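Written out below as structure tokens is the structure these notes cover.
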Amino acid sequence: MIDEKFDAIVVGAGMAGNAAAYTMAKRGLKVLQLERGEYSGSKNVQGAILYADMMEKIIPDFREDAPLERHLIEQRFWMMTDNSHTGLQYRSDDFNEESPNRYTIIRAQFDKWFSSKVREAGALVVCETTVTELVQDAYGKVIGVKTDRGGGQIHADVVVLAEGVTGLLGTRAGLRKIPKPTEVALAVKEMHFLPQEVIEQRFNLKGNEGVVIEAVGTISKGMTGMGFIYSNRECISVGLGCLVSDFQSSGVSPYQLLEKFKSHPSVAPLLEGSEVKEYAAHLIPEGGYKAIPQLYGDGWVVVGDAAQLNNAIHREGSNLAMTSGRIAAETIFQVKSRKDPMTAQNLSLYKKMLDDSFIMKDLKKYKDMPKLLHIQSQNFFLTYPQLVNKAMENYLRVDGTPKKEKQKLTMKSFVSARSWAGLFGDAFRLARAWR
Ligand SMILES: Cc1cc2nc3c(=O)[nH]c(=O)nc-3n(C[C@H](O)[C@H](O)[C@H](O)COP(=O)(O)OP(=O)(O)OC[C@H]3O[C@@H](n4cnc5c(N)ncnc54)[C@H](O)[C@@H]3O)c2cc1C
């Protein structure tokens, strides 16, 4: 049993928890971090892109020793049918800058490194310890935690809930509801190992340059979801995720979808001859702004995925997790410095600072998008990608058909799939949700 009282207990050692624990420890607070995994990162799954700007705000010189894979110089976006894809591609040598903006990482390695920084900053990090219960006083204020190691209660002025998307601790304590199946995606991912030079040749890369491919279309069978391919140094991450509610209603398994994605004629040559060494599945919060729960209360704050802080439209999660962890830590430091109690009123500064940050501004901007994509998933994730590919084939195939006739055929295929009213309606709804 740990007898001493802490300034803060952080539950979870993912991106959000590590950011919070590091920031508080660095400012001299007495921090205990508890992680159920064997080590930080052992339970964590990500594509994964690391957004450097948010990491720099926590550890400015992280590039010096963090385990980074490749810096990204190219992004491809594919609209797929079963045997074709139409792509949008952006590649720039400007991304070969001195301090690159985005990197691929392997979370198990990165989190382990991040955790070593948390320890160096002075926090007490205890792994293989699951927090089983929040301890509340007679007035409902959170005053500590209980763990599966027994030994009674551990007390702190404030508990930072960084327990990830499932967040059973907070939901069991009634601090927030379990996310609905329409608010979470289930993603599966494999790591395909290949020699470094083979990856570089297949993706047209040199040195530490990297590429990301994101894909929608028939691969998700009309469900709200997408596939992804990330180039690491000596392996390729390939995965796919769709809303849990869509998996429930379709009866399709994520594993079946991933197999189909991998065997697609545009994907298979990239993976050919690789050795699969890892398979993982994880949930992603995708409910957006409207799914964000209460973020603070007497003696507690919730950060990262547990708080549904995830921008599914831009496929950003770890940066919101890190930033919310850092902001929560700065709030706690400020309250502590003023020698004020960790009441809901004082901790409301966390929400105010989040509102002023890119996190809430971005999530608010796209507040109607998750519902729109879900309701219109057949159109956005199946019909339109098919139509775009049909139009491209029609445009590129030279067979003596006059061009005017080809244009008519293309328009006809769009209008027969979606009426004019349907097409304009979708464009209008999309523009409104995007504005
Ligand atoms: C397939 C996939 C691809 C993704 N790709 C990207 C990407 O490319 N870029 C990006 O920015 N984001 C991506 N994300 C999202 C990103 O991974 C998350 O947003 C991020 O990991 C959230 O960090 P977190 O610290 O809130 O939660 P997590 O990283 O899930 O960490 C939570 C931690 O809490 C621990 N924990 C839970 N309960 C307890 C308990 N009771 N006691 C003790 N410990 C506990 C867990 O073991 C875990 O270590 C992806 C997610 C998935 C699933």
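Since the structure is predicted, the reported quantities are computational estimates derived from the model, not experimental observations. We count ligands from 1, going down the list as the structure has it; atoms in each ligand are counted the same way.
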What atoms in ligand 1 come closer than 4.0 Å to a heavy atom of [X]?
| X | answer |
| --- | --- |
| V11 | 40 (C), 42 (N), 43 (C) |
| A321 | 22 (C), 23 (O), 26 (O) |
| G164 | 27 (O), 30 (O), 32 (C) |
| L34 | 43 (C), 44 (N) |
| G304 | 26 (O) |
| I284 | 2 (C), 51 (C), 52 (C), 53 (C) |

Protein contact of [atom] - nearest heavy atom, named by residue and atom, plus distance:
| atom | value |
| --- | --- |
| atom 1 (C) of ligand 1 | A187 CB, 3.6 Å |
| atom 14 (N) of ligand 1 | Q46 CG, 3.5 Å |
| atom 47 (O) of ligand 1 | E35 OE2, 2.6 Å |
| atom 48 (C) of ligand 1 | N44 OD1, 3.1 Å |
| atom 25 (O) of ligand 1 | A16 N, 2.9 Å |
| atom 37 (C) of ligand 1 | E163 O, 3.1 Å |
| atom 9 (N) of ligand 1 | I49 O, 3.1 Å |
| atom 34 (O) of ligand 1 | G12 CA, 3.2 Å |

Tell me whether ligand 1 is touched by [X] - counting only heavy atoms on the residue side and a distance under 4.0 Å.
| X | answer |
| --- | --- |
| K189 | no |
| T129 | yes |
| A162 | yes |
| A48 | yes |

Could you check whether [Y] and [X], counting side-chain N and O atoms only, form a donor-acceptor pair closer than 3.5 Å?
| X | Y | answer |
| --- | --- | --- |
| R70 | N232 | no |
| S40 | N18 | yes |
| R102 | Q75 | yes |

Option nearest [atom] (shortest heavy-atom distance, choices [options]):
| atom | options | value |
| --- | --- | --- |
| atom 42 (N) of ligand 1 | L320, V302, V131, D111 | V131 |
| atom 29 (O) of ligand 1 | M54, R107, M15 | R107 |
| atom 19 (O) of ligand 1 | D305, V303, V188 | D305 |

Using distance alone, decide if ligand 1 has a nitrogen or oxygen within less than 3.5 Å of any nitrogen or oxygen in G317.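 Min N/O separation from ligand 1 is below 3.5 Å for G317.
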Mind running salt bridge (Lys or Arg N to Asp or Glu O under 4.0 Å) on E214 and R315 for me, showing each step along the way? CA-CA 10 Å; E214 294 175 321; R315 284 87 55 216; 2.6 Å; yes
Geometric cation-pi criterion, K277 with F193: 6.0 Å, 45°: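 Flagged: K277 positioned over aromatic ring of F193.
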Ring geometry between W78 and H85 (parallel below 30°, tilted from 30 to 60°, perpendicular above 60°):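 Taking W78 first and then H85, their aromatic rings lie parallel (interplane angle under 30°).
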